[in-house]
Structures are given as structure tokens and as C-alpha cells.
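Here the structure is a predicted model, which is why all the values come from computation and not from measurement. Just so we're on the same page: letters track the sequence lines, and every chain starts at 1.
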Amino acid sequence: MATTTADFETRRHDSFGLRVQHLLHGNPVLGPLAVLVVAIIAFSIVNVRFFSAANLSLVLLQVTVIATLALGQTLIILTAGIDLSAGAIAVFSSILMALFCTDAGMPAPIALLLGFACGTAMGALNGLLVTRIKLPPFIVTLGTLTIFFSLNAVVSNSETVRGADMPGLMTWTGQSIPIGDFRLSYGSIIMLLLFGFFAYALSSTAWGKHVYATGDDVEAARLAGIRTGRVLFSVYTTAGLLYAIAGWILIGRLASASPNVGTEYNLDSITAVVLGGTSLFGGRGGVIGTLIGALIVGVFRNGLQLAGVEVVWQGFAIGLLVLIAVSIDQWIRKVKT
Amino acid sequence: MRQQSKLLAAAGCAVLILAGLSACNRGTGEPVVGLITKTDTNPFFVTMKKGAQQAADEQGVDLQTFAGKVDGDNEAQVQAIENLISFGAKGFLITPNDSKAIVPSIDRAKQADMLVIALDTPVDPPDAVDATFATDNFEAGRLIGEWAKAKFSTGGTQARIAMLDLNPNQVSVDVQRDQGFLEGFGVDIGDPARIGDENDPRIAGHDVTDGNEEGGRTAMENLLQKDPTINLVYTINEPAAAGAYEALKAAGREREVTIVSVDGGCPGVDNVAKGVIGATSMQFPIKMAQLGVEAIAQYAKDGTRPQNTAGKDFVDTGVQLITDDPQAGVEAKDSAWGRQNCWG
């Protein structure tokens, strides 16, 4: 009883910094959201073109592929893992589904489903190696990253498959619905629906709770009766499917399937997750933060370009943001509860 | 114990396989010629490799090929040179990923009496190699610049130019094409070794593309936001041009905007035929590689070294303007000719 009163007393006299720390600990999304809002306001002041429906819809369009990848990446990072093969799976899946249509002459829906199945299988391979052979995720995905990129080059002959040679369904994700000046692409809609679905699944299903528990402390989760191996496997497999969907969205964006894009997608997706407040050490964060993280990168790239900042400095700014984000994460973790 | 013997067996198998693989690559007795490209995946280098293999078969030399993992991977190229030195190669062709950082390795190869030829991209300083076989990239840019100038002067519209470059590193190929285009178009280029130092009001802005579709699309989108009146787009290569076209199409402006590019890849030439790209400068990677292999085979035979093209400090492997919209005073071939001579 006495301790409770004392706690209450100290809490009331907390410094501003401590209160912010507690607030962020309870709501990991607030930090990234604040950065996004401040960035949008700042860039709107610098260049009037920035805050227009057309430009904002452009930012959403530009982050769609990375955000979809980062969604899968978030699931894995929540389990204290990391996926270096995210971009490789997406690009390889996009090439496979394109080739299923063109070289193998399959109807588009079948090629698409088969492409999703291939991406899922690639994710499952990562999952098997992590759960069965018990290799660290970093090493597993480092290996599969190299394998998938090289198979990608072999299968595609390093040649781009043109959208014109594919059935319309393959490039459908690139079309958009105009809402005034705001142009919402089908790819972005798919991405947003996926984020909504996984936000719900993580917060309100047993599976979601198991993912957080496994990421927070795998041994404790196992002792609590959670089949952590299955949880991990499901996370890697689901991520594979999400990457394949990102591959489909990529085909729409480029109006082609190109084997030579995406070499930086792996790191870009991790950047979005980290900026979104999901902890690289697992168990803390969420997908809404990741969407905001991806938007932060998009807003900075677009805003700095409109402000006339040289490209070299754009990378500098985003790198700096990542360092600040990780520092804040460390600071929040030290919160006294 | 059983675990250990299994591991040993596995390790033994791996060693045997590696030994077998390396045995396949050695000991034909023919002079070894190396080809080191920037990457394995870019169709330009894939084509270059094909051309080199053809020439190697004709010349009776043993071609060993190497590549960086990604554009910019110097480490892998340094290792490739070390391998070639240990193979006792007569010489090699290299498309440097890092023009300066590769020079010490090239020096070591030359001490081992190898003939070193830079392909496509010069090294810095250029005389670190015995010869450079390359496209005149400034000329490639100048041709599309001249074509665009002629097109805009007949059209009578004021140009608003978007410059879609490669990356922020001021790579020589990037600089030369960019500056060549601007000079051809009649813009005062300032320092010819720097992108972006000109202050001509006709230039709407520069952005980088990494030379692929995704980068081209994003860069074009951003520049259109900056200046929606853009009507002329220079692109470092044809994949970037294809990406830029998608952005223009999304903005509904593809018919009012002229895109020019450099490369002469088959997908790019198709895009010229379809009107996506107004004009492109074609390069000849097969010829580059063939001439290079022939030069080293010649050197292996009698020690002759290649001679530069008259008036230039490299061996010019040629460049050809391809367009279906010819302009008076600018020599060009059409996309049908381009189709027969394209690469990739």
C-alpha cells in the first residue's frame, strides 16, 4: 500500500522527459507519427507544391512497394528476427509470375497465384531453416538473399519482361482511381488493406499475441505453452506471401517485370520498420508504425527533392533519422515501470 | 563421434566438388584472356560477355570471365585481377566499377606483363591501362542533344528539361552523357566535369535513377511535382527512360513530352519504334568486347599494342543515333536498322 502511494507521488512529479518516455512506451506509434507530421508541415512551408493532393498521393504511390515489403519485415522483426531476403523474394516472385504468363503461357490468375505460392515457398524455406536447423535469421536470410537474387538472374536471363506482353491483370495494380487530384492506385489499396488486416491480426488474435510473446522472450513464451516454432514458421511463410504480393504491385508500378531493380529493397524495408518504432530486439512495435515509417522515408525523399536539396544529402538525412529512431527506442526501453 | 565423421565427410565432398570445378576451368593450354564486367546481371554486360566469348573462340584463347556483385563492387574486381595474375593470363578487359580504386591492382597486372584494356568505362588516370575501348559517351549525349534542339526549334516551343542522371557519385559515363546532351542542346555547361553546375533557366531539375525503371519512374514523378511544365526528358539509359515514361503516362503527359536516351538495347529500340523514346544513341558492346579480345590475342602472339582512334585518347567503338522522327542536319538511322543492330 505504501509503495503504491509513493509510486503515485513520484509519477505526479515526473519531469517532462520522463512523461514523454512513458507515453512513448505505451504508444510506440506516437514518436514516428510526430516526425511525419512535423516533416509534412516543414516541407509544406518550404515548397507550396508539397502539400497538394496530387503530390501526397504520389508519396503514397512511391512508398507502396516498400511498405508492403516492410509489412512482412515487421512481422519478422517483431519475433526478434530480421529478413535480408525480403526484396529478393519480391523481385524474384515478380519475374516468376511474369514468366509464367509469357514463356509458359498460363492464364493470368493462375500465373499470379503460382507466383504467390512461389513467394510463400521462399518464405517457408527461410522459416524452416530458422525453426528446424535453428540457424540465426540473419544468416539464413543472408544466404537465401544471395540464392534468390542469383536464381532471379538465371531464370530471367537478366531480361526485362514487358507489361505489354503480359495479360492486363498482371499490371492492374498500377492503375488508379482518381479522387479529385488524389490518385489512389489499386496497388496502394491492396497495401492499405493488408496493413489493416495485420494491425487487427496482431492486436486482436491469439496468433498476434503469440507473435509478440515469442519476440519478447522466446523461452518464456515456450514455457507458457506457446508453440514458438510454429509461430516463427508462420511468420516467415506469411512474410514470403506478402513479398510476393509486393512483387505483383511492383509489376504494376513499372509496367514491366525487371530483374534489375530492388537491390536496395531489403535495407529500405528494414529502414521503414525501424523508423516506425518497431524494436529490432523484438516484441515491441507494430505494423501501423511501419506504414508511418515508410511514409517518413517517402516524405523526406520527395520533400527534399522539391526543396532542391542535392541527392547526396537526401541519403544523409534518412540515415540520421534511422540513428535517432534507434536511440529513442533504446531510451524508451530503459523506462521504469 | 558419428556427428564428427558426418561433418568430415560433408567437408570432404565439398572440397572434391570445388577441386573438380576448378579443374574444369584450367589447363587448356591456350593463352588466358580475362573479362571483368561491372555485374553479371545487366544485359549490357551479358551481351558484352557473349561478344567476348565469340571472339575468344575465333582467336583460340581461353576466356575467363568475372563480375562484381553489384554496380560499384570494387572488391570483387580486385580479386578477379589477382586470380588472373595467378592464372598467368596474357591480359584482360575490364569495365571498372571504381575507376580510381582499381588502378593499383591494374599496376600489379602490368608488372606481370599483362595487356590491360578498359572497356566501356575509362579508368582514372586513363593511362593506367594500355588502351580504352569505349563508346564516346560525350558524343552519345551530344547526338541526342542536337536532335532534341532541332526538334524543339522546328516545334517552336520553349524547352523545360528534366535531367535523369545515374547516381550522386559523378561517375564519368554519367557526367559525359549529361554534359554532352546539354552541349548538343546549346546549354552553357560550365565545368564539363560536373553535373548540375549550370544555371540555364530551361533546366527544370536533376534527379538520379540508378539506371533502372523504378529509379526512373520515381525521379520523373518528383521532377514533375517540382515543375509540371517539363516537356523534354534526358535519361542516362533506356531502363530509366522506360520508368520516366510510366510516370509521364500516369500524369497524362506522355504525348507532350519528348524523352531522349542512350544505350541501343533491344527493349530501348522497341520503345523508339513505339514512340516512347524520341531518340536514343546506340552503343556497340559486342564490337567493344570483340575488338578487345582480338587486341589481347594479338598481343599474346607478337606483343603489338592497340592504337587509339585518331584525335581521341581512346579507341572509339562508335555510336549511332536511332530515331523514327529524323531532324534536318542530324544524321540518324531508323528503329528498323536499330532492331538489327541492338544488343541485349
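- With chain B as the partner, the residue from A:Ser258, A:Ala153, A:Gly262 showing the most heavy-atom pairs under 4.5 Å is A:Ser258.
- Here B:Gln225 is the residue among B:Lys249, B:Glu214, B:Glu213, B:Gln225 with the most heavy-atom pairs under 4.5 Å with chain A.
- Within the 4.5 angstrom heavy-atom criterion, no atom of B:Leu224 approaches chain A.
- Shown here for A:Ile251 and A:Ser94, the closest heavy-atom pair between the two residues is CD1-O, 3.5 Å.
- Using cut-offs of 30° and 60° on the angle between ring planes, the pair A:Trp248 and A:Trp172 is parallel.
- B:Asn231 contributes no side-chain N or O that, together with a main-chain N or O of B:Val257, makes up a donor-acceptor pair within less than 3.5 Å.
- Neither the backbone nor the side chain of B:Asn167 has a heavy atom closer than 4.5 Å to any heavy atom of chain A.
- Contacts between B:Ala250 and chain A at a heavy-atom distance below 4.5 Å involve backbone atoms as well as side-chain atoms.
- Screening B:Ile236, B:Leu232, B:Thr235 for a side-chain contact (heavy atoms from CB on, under 4.5 Å) with B:Phe181, the sole residue that qualifies is B:Leu232.
- Interface summary for chain B: among A:Arg253, A:Arg301, A:Gln314, the most heavy-atom pairs under 4.5 angstrom belong to A:Arg253.
- Counted by atom type alone, B:Glu238 and B:Asn271 present zero donor-acceptor pairs between their side chains at under 3.5 Å.
- Annotation: A:Phe92 is not in aromatic contact with A:Tyr243 [ring centroid separation under 6.0 Å not met].
- Between B:Trp343 and B:Phe44, the ring centre distance stays below 6.0 Å.
- Between chain A and the options B:Ala219, B:Ala247, B:Pro239, B:Pro228, heavy-atom pairs under 4.5 Å are most frequent for B:Pro228.
- Interface remark: A:Ser52 contributes side-chain atoms only to the contact with chain B (heavy atom separation under 4.5 Å).
- Taking chain A as the reference chain and counting heavy-atom pairs below 4.5 Å, the highest number among B:Asn222, B:Asn212, B:Asn42 is found for B:Asn222.
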